[in-house]
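Note that the structure is predicted; figures quoted are calculated from it, not measured.
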Amino acid sequence: MPELPEVEHVRRTLVPHLVGRSLTVQTIGRADVIRGADGHRFRRSCRLLRQRLLDGGTVTCLGRLGKHLWIETEGGRRLDVHLGMTGRLTLVRPGRSLTGVPHVHVTWRIGTREQDEYDRLVFQDPRRFGCLRPFGNGAGHQWVILDRLGPDGLTIKARELEARMIARHRPLKAALLDQQIVAGLGNIYVDESLHRAGLHPLTRCCAVNREQYVLLGRSIRAILRQAVVHDGTTLRDYIDSEGRPGRFRSKLKVYGRAGLPCLKCQQPLHTLQVAQRTTVYCPQCQPASL
DNA sequence: CCGTAGACCCGGGGTG
DNA sequence: GATGGCCGGGTCTACG
């Protein structure tokens, strides 16, 4: 569920509490959520591991590309955070105990100032599909995953989309889920974007004309922007760094509404399986054009 | 005939 | 027993 809007909202809510503060690694629970740049498990001495987790660094900025969020400290150390399905990056107030809180994998103490509300940062993830990946200065090589991501969905241009998709034979939906084509879309926002653009999820990328790519690009940006404004979508697990759920769920037009009337034309919404994912669409507003 | 895009399946781990 | 909203890896097929 953390797709681009949720990750961007987490980033924004963390910035005022982390930038300019120092981080000290406090606890490491399951180290297997920490991966090397090659994607494999991290095998290093404990001290080096803490070092890679930004121990002792002062936060200079929080970056994001697609569903990836990273924390950067002075000296260029960076830590990529991927939330997977159920990951959370949250802030904790002084005095609040974490004992008994399940699935906490890494905690940091934040070097706070007088007026600061929070003194700790916590990464938790029950399913452990998420992970932490040190990269940048001190972690050796380039961050291959970042290099492979397509342009960010929030600002992607129609011409970029068209250039990346036009030669492909695959269905629109499969292509839009591919993070190498556009970064940040998951199942929810792909369905919302296609509905807004009036394009059938099974339409082959190569059968889409320029005008439709313009519409698609505009739809993706608009949907993501609106979702960010509403703090993202919470279906079940997602909360932001301050523990609040997103409010975009009630604005969804297709996702989770199979069988209910389309909000544009009142015809019942249908479902399909595309790329092994449940897909909701309106047969009337998104006519098949194979 | 070959190379590649892409389709399909699975694991990972928890909740219900 | 079923199961999203994720991702990577393995394998197999179809197409150019």
Checklist entry - Going by the salt bridge (charged side-chain N to carboxylate O under 4.0 Å, His left out) test, which pairs reach into residues 171-195 of chain A, not counting sequence neighbours? => result A:Arg170-A:Asp178, A:Lys173-A:Asp191

Checklist entry - Checking all strands, does A:Pro171 fall into the base, sugar-phosphate, or nothing category for heavy-atom contacts under 4.0 angstrom? => result sugar-phosphate

Next on the checklist: Counting only heavy atoms from other residues, nucleotides and ligands, does the tally under 6.0 Å from CD of A:Gln273 exceed 12?
Outcome noted: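 Check passes, neighbour count above 12.
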
Item to check | Residues, nucleotides or ligands: over 12 heavy atoms within 6.0 Å of A:Arg159 CZ | outcome: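 Open.
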
Over how many whole Å does the gap from [X] atom [atom1] to [N] atom [atom2] extend?
X        : N      : atom1 : atom2 : value
A:Asp125 : B:dT15 : CG    : C1'   : 14 Å
A:Leu202 : B:dA7  : CG    : P     : 10 Å
A:Leu149 : C:dC7  : CG    : C1'   : 12 Å
A:Arg164 : B:dA5  : CZ    : C1'   : 16 Å
A:Met85  : C:dT3  : CE    : C1'   : 8 Å
A:Gln276 : C:dT11 : CD    : P     : 17 Å
A:Gln180 : C:dC7  : CD    : C1'   : 12 Å
A:Phe129 : B:dC10 : CZ    : P     : 15 Å

Checklist entry - If the P atom of B:dC10 is compared with that of C:dA2, how far apart are they to the nearest Å? => result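 Looking at atom P only, B:dC10 and C:dA2 are 13 Å apart.
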
Checklist entry - With a 4.5 Å heavy-atom cut-off, do A:Arg128 and A:Arg30 have their side chains touching? => result yes

Item to check | Hydrophobic cluster of A:Val254, others only, ordered by chain and residue number, side-chain cut-off 4.5 Å | outcome: A:Leu269, A:Val280

Checklist entry - For A:Asp178 and A:His103, take the nucleotide of DNA chain B holding the closest heavy atom to each; which residue's nucleotide lies nearer the 5' end? => result A:Asp178

Checklist outcome for this item: Sequence neighbours excluded, the answer for side chain to side chain donor-acceptor pair (under 3.5 Å) partners of A:Arg168 is none

Item to check | Residues which pass salt bridge (charged side-chain N to carboxylate O under 4.0 Å, His left out) with A:Glu8, listed by chain and number, not counting sequence neighbours | outcome: A:Arg11, A:Arg12, A:Arg64

When you compare the protein's N or O atoms with those of nucleotides 13-15 of chain C, which come within less than 3.5 Å of each other, and at what distance?
none

Checklist entry - Which of residues 217-244 of chain A have a heavy atom under 4.0 Å from DNA chain B? => result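 DNA chain B contact set from residues 217-244 of chain A: A:Arg236.
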
Next on the checklist: Of the listed nucleotides (B:dG14, B:dG6, C:dG4), which one gets closest to any side-chain atom of A:Arg170?
Outcome noted: B:dG6

Checklist entry - Mind checking whether A:His17 and A:Tyr118 have parallel, tilted or perpendicular rings, split at 30° and 60°? => result perpendicular

Checklist entry - Would you call A:Arg244-A:Asp231 a salt bridge at under 4.0 Å N-O? => result no

